[in-house]
Amino acid sequence: MPPPLVRDPATLLPSLAAAPLLLLRALHAHLLVSGRLASPSHLATFVASLASSSSSHVAYARLVLPRRPATLLTHNALLRALARGPRPGLAFAAFRGLPLPPDHYSLNFLVRAATALAASAAAERRVPVPAEVYSPRLLVVSAHGAAVRWGHAADPHVQSGVVSMYAALGDVAGAQAAFAEIACPDVVCVTAMVGALAAGGDVDAARDLFDGMPLRDHVAWNAMIAGYVHVGRSREALRLFDEMQRVGAAVGEATLVSVLTACAQMGALDHGKWVHWYMRSRGMRMSVTLGTALVDMYSKCGAVASAMEVFESMDERNVYTWTSAVSGLAMNSMGLECLELFKRMESAGIQPNGVTFVAVLRGCSMAGLVDEGQACFDSMKNKHGVDPWLEHYGCMVDLYGRAGRLDDAINFINGMPVEPHEGVWGALLNASRIHNNVELGKYALDKLLAIESENDAAHVLLSNIYAGSQNWKGVSMVRGMMKAKGVKKVPGWSAVEVDGKVHEFFVGGKSHPRYKEIEMMLAEMSRRLRLQGYAANTKEVLFDIEEEEKEGAISLHSEKLALAFGLIVLPEGVEIRIVKNLRVCRDCHDYTKLISKVFDREIIMRDRNRFHHFKDGMCSCKDYW
DNA sequence: ATAGGGTTAG
């Protein structure tokens, strides 16, 4: 007998993915000769390894199985591997070909397969449907039906699987219906339902269910916190996290990832830093997911240096990590660094995807790197095989338009192989505003309103274009249009974090407990600015209908309130970080630049699209935004 | 002897 290839085939099996068929045959022979294939558990491992790798190996597994005594153990191993593999649809064929009646394990794997398909179909926006593949919904329904037909619908594993299967499909009602059928759902089933409701956007229903749980384990907490983050209710997410710690539930990686996402949404740097400290103090491993969430948090809090520090310290990075870092540099107007990092990503062999290209293109556009952006766009398809989305076309129009190449922008739109969407026209409209081109602005708005007639930001942009060219008639006409159509502007707010507490300010609002002091500080600010020769442009103020409702003087835009508050409470030398929900208006931008000089303060402002780093009377956006 | 719910980039 030849010497054995390996002592224990089980140790070799996981590395089979890339093995040539010949080697598989040799291993198969070895297993046969050594008698190991007679053991169902070894056969199961062999089959699972084969099936979870390439399709030719799956075929091989299918050849091996029928020659062996049929056991559910080995066939379930095939099902499991197929469900977890790159083509979960194959599990359905294998299920139909089972030589024995399926048990609750078989059903569970079938349900997992359908879940995987439904989830990837939801993630893919365009689902490629080869002839032999059925629609995700059909597969979900038939997997559910199979569970019922074979009498395994009462198994808790299957039950929770069915709930998350409908959730993966995006069918919350379906999940609810399946959940309602369960006589006594266990923690896992309820948690799955909480997750389904939260992911479907109905966090309040999820919360009701969560509150009613007699027993909540850490996963239930995580599901609920993630639900709040998902719909952007980050404050509630953080409040729940505090509560979770109070009751002593196990805080884990998934918890912190959600918490970091909440911090990123709010721009709560202190809180985010605390999470980072917490991780270190507990000796938690910096996993890809956790590291990526940290990079994202620091970027979205305007602390790019810290973001890059974390990025460089990570020992494993995936496309999410790279994209997050590239996007962080882009929104902090570090266009050159952003391009450089993207090139590093390419040479590291990480395949960029559509999201990555949105980030790079935005980086180029913010830094005015037109040629580089153009080259990226071309390489997207030619070099990386990524088909452009509408967003990418929008980025290109923004790239040309922002740089003042309006003709190129229009030519680009005319040359688009698909119908332009609102983002494309919005980019052209914004470019018209920056470059005061009324005619083009009107044209872009017409196109935009034909698609989305109640877009408030678009109306505001057009009004700004009129205001920019002193056309007050135009301004009031836009106002009239908005009134007639009942277009409501989103009210503006700004927030400042002080000692880990986030203070919110609303436009014209006087509700802050320290409003008296704020008012005095605003007066002091005006006084010192006047001394420096700054006078508010009252003519523009009069007609300014920025993205915020003008209730009183323009000095009451929410960022000015936040700025005044920051100057009061933050010690000298500490930068003021402001987060805004809308785009900053021209006057506030000029004002903040001057304050940064006169008060010798660094001011970091995140608006709805990007960061403005103010220092010494200048802004990192170079007045283009 | 095989299985469950929660987490990252626009």
Side-chain angles (χ1 to χ4, degrees), chain A residues 39-45 47-48 71-81 83-84 103-112 115 152 155-165 167 185-196 198-199 206 210 213 216-227 229-230 244 249-262 264 287-297 299-300 314 317-328 330-331 352-362 389-392 394-395 423 609:
Chain A
S39 130
S41 74
H42 272 128
L43 177 61
T45 319
V47 165
T71 67
L72 272 177
L73 183 68
T74 52
H75 283 272
N76 285 346
L78 177 67
L79 281 179
R80 181 183 62 152
R84 293 210 275 226
D103 63 3
H104 49 295
Y105 285 97
S106 326
L107 262 311
N108 188 31
F109 296 137
L110 188 71
V111 165
R112 301 290 143 197
T115 308
H152 296 298
D155 179 84
H157 290 89
V158 174
Q159 283 173 338
S160 63
V162 167
V163 170
S164 21
M165 179 167 73
D186 69 0
V187 198
V188 178
C189 289
V190 185
T191 307
M193 194 59 232
V194 168
F210 176 82
M213 287 172 80
R216 303 175 200 108
D217 61 10
H218 68 281
V219 181
W221 284 93
N222 291 345
M224 199 57 236
I225 292 175
V229 172
H230 183 72
M244 178 183 183
V251 171
E253 180 174 326
T255 322
L256 294 187
V257 168
S258 288
V259 171
L260 283 170
T261 308
S287 66
V288 196
T289 317
L290 206 39
T292 304
L294 267 175
V295 170
D296 187 50
M297 182 279 293
S299 302
K300 288 188 178 150
M314 290 171 68
R317 310 180 187 108
N318 61 20
V319 61
Y320 286 75
T321 321
W322 284 93
T323 304
S324 200
V326 167
S327 162
M331 65 186 150
N353 60 27
V355 182
T356 321
F357 279 104
V358 171
V360 195
L361 291 176
R362 292 194 69 205
W389 306 336
L390 281 163
E391 283 99 320
H392 298 116
C395 287
N609 301 320

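Each chain gets a letter, A, B and so on, in the order the sequences are listed, and its residues count up from 1.
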In terms of side-chain heavy atoms, does [X] have a donor or acceptor partner in [Y] at a distance below 3.5 Å?
X      : Y      : value
A:T321 : A:T292 : yes
A:S258 : A:T261 : no
A:R112 : A:N108 : yes

Could you tell me the separation between the CG atom of A:L294 and the P atom of B:dT7, rounded to a whole number of Å?
18 Å
Using whole Å, what does the distance between atom C1' of nucleotide B:dT8 and atom NE2 of A:H230 come to?
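Distance, rounded to whole Å: 14 Å.
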Per-nt protein contacts along nucleotides 1-6 of chain B (heavy atom under 4.0 Å; B base, S backbone sugar-phosphate only, - none) come out as BBBBBB
Please report the closest heavy-atom contact between A:M244 and A:A250, naming both atoms and the distance.
CE-O, 3.4 Å
Taking all non-hydrogen atoms of both residues, which atom of A:F109 and which atom of A:L79 are closest, and how far apart?
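For A:F109 versus A:L79, the nearest heavy atoms are CB-CB, 3.9 Å.
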